[in-house]
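What follows is a structure written as structure tokens; I'll ask about it next.
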Amino acid sequence: MARYVMALDQGTTSSRAILFDHSGRIVSVANKEFTQIYPKPGWVEHDPMEIWGSQIGVAQEAIRKAGVDPSDIAAIGITNQRETTIVWDKNTGKPIYNAIVWQCRRTAAICDALKASGFDKKITEKTGLIVDAYFSGTKIKWILDNVEGAREKAEKGELLFGNVDSWLIWNLTGGKVHVTDYSNASRTMLFNIHELKWDQDILKELNIPEKMLPTPMPSSHVYGVTDKELFGVEIPIAGAAGDQQAALFGQACYKPGMAKNTYGTGCFMLMNTGEKAVPSHNGLLTTIAWGIDGKVEYALEGSIFIAGAAIQWLRDELRIIDNSPQSEEYATKVEDTAGVYVVPAFVGLGAPYWDMYARGTIVGLTRGAKREHLIRATLESLAYQTRDVLEAMQEDSGINLAALKVDGGACANNFLMQFQADILGVPVDRPQVIETTALGAAYLAGLATGFWKDKDEIAANWNVDRQFKPSMDEEKKEKLYKGWKKAVERSLNWAEE
Ligand SMILES: Nc1ncnc2c1ncn2[C@@H]1O[C@H](COP(=O)(O)OP(=O)(O)O)[C@@H](O)[C@H]1O
Ligand SMILES: O=P(O)(O)OC[C@H](O)CO
């Protein structure tokens, strides 16, 4: 029997491939950052060919590094940055435009028009989403309206749309399979999450031909096999899920009420709500967690657009740190932020504010404010944003979390995790494997191919690395959080079209 499952984790800033063994341990990892394209303020693009090239490159490298024979890989699971929109020519396989990234704000005006007409309420009922430039629907419309000849070709059935999962599966299968999984479909703003089909009313409103859309499928399912050219053997592609849903799966949050928070480029808290799609009254999204075992399960989600990306901003734009881990070193050189707050609303604010026109703000500066304070305030902003969504989630679900499971690159930061526990007043549990996004994708693929028996077998693999216990006194905690809310006020509704 084959001994490994490979996860392809196509994130916002890097493509990663990880080989896992049967106990969920990492056997090898390969990673490659790729180009971020900012054509205008608030616009973000990727080159789809670079996404594909880097992803297949790291897959081959991970296999090479482990010294594993590709025939020893039971299955491949895909997980991806969600909502990012790619449109390509069915005949040539070439993209007709750059990928419009989830963070891109270019379709804010289309969203405003949907809100002005009241159609946004219908969209929320059907898709569980809050109308925002974040989702794929308006991005597809923008491409069809702005790329010469695109609409005509789409109507003739010559163009295909996909999120990154579909794009990778299409390329991995040599252009044979055009599918998506339910969790990714639920992020397009075109998918009826109750009926599990593309919604005709929304397609009509946005003028998007259904023939360009992929076939929605369960998240744990054999979609096809890899083209023999790629690895020398055909490997089943047996799982796919959006990266945040995959992390929920990898964290073994299989029961209603279980939640995780992933600190990557953005920060995303998801709570499993079982077979019930729970509507939010506090600015959260209702979304599909996964389709498995012949049914679909749902989640409540708090989407924070900028988290680890703010640390990258300190590194790449301000150039006040050399690498992300150094942020911890500087943050712990000072007692506090000296009253400084950073609100990293670089691409507007997601949950629970949903303000496409908010922009980044630094407040509370005094003459003594130093680099260390700014770095610490940036790290703390991740924790404050998380408290904003946790409060909304507890309100919507009626559940008070006993502990928060965390994962993603930035959860390696011990200062941040301790501050997070302090500001929430809830313990924070960090697992041994923080690559739970990739792990979740591997589990979905391994379950479809019999590599793992069932979810219980997988749940037994979850082990805590460290628990961070709240230790800040109540008065200080609330005073700090009050300052954050005031800082957020200053960032809202800033940009003008
Ligand atoms: N020690 C650290 N402290 C703070 N942030 C970190 C640390 N290590 C990584 N990060 C941040 O985490 C992000 C990378 O996490 P990852 O889970 O790989 O993200 P993604 O999947 O979105 O690309 C980067 O934005 C990086 O700045
Ligand atoms: O690239 P990540 O891990 O920050 O995830 C991005 C999300 O999928 C966007 O919805």
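These values consider heavy atoms only, across backbone and side chains, with no hydrogens, waters or symmetry-generated copies. Both ligands and their constituent atoms are indexed starting at 1 by order of listing.
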If you look only at pairs with a residue in residues 306-315, which of them pass as a side chain to side chain donor-acceptor pair (under 3.5 Å), with sequence neighbours excluded?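 For residues 306-315: none.
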
Among all the protein's non-hydrogen atoms, which is closest to atom 19 (O) of ligand 1, and how far away is it?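 Its nearest protein heavy-atom neighbour is G264 CA, 3.5 Å.
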
Where ligand 1 meets A309 - atom numbers and elements under 4.0 angstrom, heavy-atom basis: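 That gives atoms 25 (O) of ligand 1.
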
Among Y481, Y384, W484, find the residue that satisfies the ring pair (Phe, Tyr, Trp, His ring centres under 6.0 Å) test when tested with F419.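 Only one option passes, and that is Y384.
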
Indicate yes or no: at least one non-hydrogen side-chain atom of D422 is less than 4.5 angstrom from one of K477.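 The answer is no; the side chains never approach within 4.5 Å.
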
With a 3.5 Å cut-off and sequence neighbours excluded, list the donor-acceptor pairs that the side chains of residues 432-447 form with protein atoms.
| from | atom 1 | to | atom 2 | distance (Å) |
| --- | --- | --- | --- | --- |
| E435 | OE1 | R16 | NH1 | 2.9 |
| E435 | OE2 | R16 | NH1 | 3.3 |
| T436 | OG1 | D407 | OD2 | 2.9 |
| Y443 | OH | N461 | ND2 | 3.3 |

For G266 and ligand 1, does the shortest N/O to N/O distance drop below 3.5 Å?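 No, there is no polar N/O contact under 3.5 Å.
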
May I ask you to identify the nearest protein heavy atom to atom 26 (C) of ligand 1, giving residue, atom name and distance to one decimal place in Å?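 The protein heavy atom lying closest is S324 OG, 3.5 Å.
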
Can you list every protein residue that has a heavy atom under 4.0 Å from any atom of ligand 2, sorted by chain and residue number?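 Heavy-atom contacts below 4.0 Å: G11, T12, Q81, R82, E83, W102, Y134, D243, Q244, T265, G266, F268.
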
Assess, by modelled atom type and distance only, whether the side chains of R430 and Q467 contain a donor and an acceptor separated by less than 3.5 Å.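 On atom types as modelled, these side chains do not qualify, holding no pair under 3.5 Å.
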
What part of S327 sits under 4.0 Å from ligand 1 if we count only heavy atoms: the side chain, the backbone, both or neither?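 Looking at S327 and ligand 1, just side chain atoms fall under 4.0 Å.
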
Do E380 and Q420 come within less than 4.5 Å of each other through their side chains, counting heavy atoms only?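 Not in contact.
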
Of the backbone atoms (N, CA, C, O) and the side-chain heavy atoms from C-beta on, which set of A307 has a member under 4.0 Å from an atom of ligand 1: side chain, backbone, both, or neither?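 A307 to ligand 1: no contact under 4.0 Å from either part.
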
Tell me which pairs pass side chain to side chain donor-acceptor pair (under 3.5 Å) where either residue lies in residues 123-132, with sequence neighbours left out.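 Only R105-D132, K126-D199, K126-D201 qualify under side chain to side chain donor-acceptor pair (under 3.5 Å).
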
Close approach, E328 and ligand 1, non-hydrogen under 4.0 angstrom: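 E328 does not count as a contact of ligand 1 under the 4.0 Å cut-off.
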
For S15, the option from E33, Q10, K32 that meets side-chain hydrogen bond (donor to acceptor under 3.5 Å, both in side chains):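 By the side-chain hydrogen bond (donor to acceptor under 3.5 Å, both in side chains) criterion, S15 pairs with just one of E33, Q10, K32: Q10.
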
Is there side-chain contact between F34 and D47, with heavy atoms separated by less than 4.5 Å?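 Contact flag for F34/D47 side chains = no.
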
For E335, is the CD atom crowded, meaning more than 12 foreign heavy atoms sit under 6.0 Å from it?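 Open.
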
Who's the nearest protein heavy-atom neighbour of atom 16 (P) of ligand 1, and how far?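 Result: G409 N, 3.8 Å.
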
Hey, does A412 come in under 3.5 Å of ligand 1, counting only N/O atoms on both sides?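 No - when backbone and side-chain N and O of A412 are compared with those of ligand 1, no distance drops under 3.5 Å.
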
Does Q81 come within less than 4.0 Å of ligand 1, judged by its heavy atoms?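 Checking ligand 1 against Q81, which is what was asked, there is no heavy-atom contact under 4.0 Å.
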
